[in-house]
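Structure record follows, encoded as structure tokens.
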Amino acid sequence: MSERFDGRSRLSVHVPFGLVLLIVLIGLLLVALGHWRRGSVLLGVALLLAATMRAVIPPERTGLLTIRSRAVDVLVYSGFGLVIIAVAMTIKGGLLG
């Protein structure tokens, strides 16, 4: 049986996506609890982490983080992450800020 179909190897392919998903869920929980700025920044950080992992980890180990080519994924993940963080940090006031 090849290493790719080994149970431990299959699980390790999903660890990067699982880590990003965990951070996203924590961010959404913070938003739901009324800490929208902290939660939004955490969502942006999750996207920046996804971009970093997509850039560093070999393509056969990135699992569900792989959508397009490596360059496109890194550009889109980091771009959206930076925009979300910038918007969250620059909004003044707000009811739940």
Side-chain angles (χ1 to χ4, degrees):
M1 190 176 282
S2 74
E3 181 183 330
R4 180 178 177 159
F5 295 109
D6 180 22
R8 185 176 54 109
S9 185
R10 280 189 299 178
L11 181 63
S12 68
V13 169
H14 300 294
V15 169
F17 180 74
L19 182 60
V20 171
L21 186 60
L22 177 66
I23 295 170
V24 166
L25 291 175
I26 293 170
L28 290 175
L29 178 65
L30 285 172
V31 170
L33 292 174
H35 303 286
W36 64 268
R37 189 179 310 265
R38 290 182 189 144
S40 298
V41 169
L42 204 52
L43 293 174
V45 167
L47 285 168
L48 292 177
L49 176 65
T52 303
M53 286 195 290
R54 182 66 175 105
V56 174
I57 299 174
E60 61 272 1
R61 309 293 287 174
T62 54
L64 294 172
L65 290 179
T66 302
I67 299 173
R68 301 279 181 192
S69 69
R70 180 180 281 188
V72 171
D73 285 346
V74 170
L75 182 67
V76 171
Y77 286 148
S78 58
F80 282 151
L82 290 173
V83 167
I84 289 172
I85 291 172
V87 169
M89 298 305 291
T90 58
I91 292 177
K92 302 288 185 203
L95 296 175
L96 301 174

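Quick caveat, the model's predicted, so the values are computed rather than measured.
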Query raised in the report: Which pair of heavy atoms, one from Ile57 and one from Pro16, lies closest together, and at what distance?
Result: CD1-CG, 3.8 Å

Query raised in the report: Are Phe17 and Val13 connected in the hydrophobic side-chain network, where two residues link if heavy atoms are under 4.5 Å apart?
Result: no

Query raised in the report: Applying the 4.5 Å side-chain criterion to the ILVMFWY set and letting contacts propagate, would Ile23 and Leu43 be lumped into a single cluster?
Result: yes

Query raised in the report: Transitively linked via ILVMFWY side-chain contacts under 4.5 Å: Ile91 with Val83?
Result: yes

Query raised in the report: For the hydrophobic clusters of this structure (ILVMFWY residues joined by side-chain heavy atoms under 4.5 Å, transitively), does one cluster hold both Val41 and Leu82?
Result: yes

Query raised in the report: So do the side chains of Leu64 and Leu21 get within less than 4.5 Å of each other, counting heavy atoms only?
Result: no

**Report entry** Closest non-hydrogen atom pair, Ala51 against Tyr77
**Finding:** CB-CB, 3.6 Å

**Report entry** Same apolar cluster (I L V M F W Y, side chains within < 4.5 Å links), Leu42/Trp36
**Finding:** no

Query raised in the report: Do any N or O atoms from the side chain of Arg54 and from the backbone of Ile67 form a donor-acceptor pair under 3.5 angstrom?
Result: no

Query - Ser78 side chain reached by Leu47 side chain, heavy atoms, under 4.5 Å - result: no

Query raised in the report: Nearest heavy-atom pair of Ile85 and Leu48: which atoms, and what distance?
Result: CD1-CD1, 3.7 Å

Report summary line: Rounded to the nearest 0.5 angstrom, the CG-NE2 distance for Leu29 and His35 is 9.0 Å

Requested in this report: Rounded to the nearest 0.5 Å, what's the gap from OG1 on Thr66 to CE on Met53? Could you check?
Outcome: 11.0 Å

Report summary line: Nearest heavy-atom approach of Leu65 to Asp73 is O-OD2, 3.6 Å

**Report entry** Connected-component partners of Val74 among ILVMFWY, side-chain separation under 4.5 Å
**Finding:** none

Query raised in the report: Which heavy atom in Ile84 sits nearest to a heavy atom in Gly44, and how many Å separate them?
Result: CG2-N, 3.9 Å

Query raised in the report: Taking the side chain from Arg37 and the backbone from Ala88, do they hold a donor-acceptor pair closer than 3.5 Å?
Result: yes

Query raised in the report: Would you say the side-chain atoms of Thr62 pair up with the backbone N or O of Pro59, donor to acceptor, closer than 3.5 Å?
Result: yes

**Report entry** Minimum heavy-atom distance Ser40-Val31, with the two atoms named
**Finding:** N-CG2, 4.0 Å

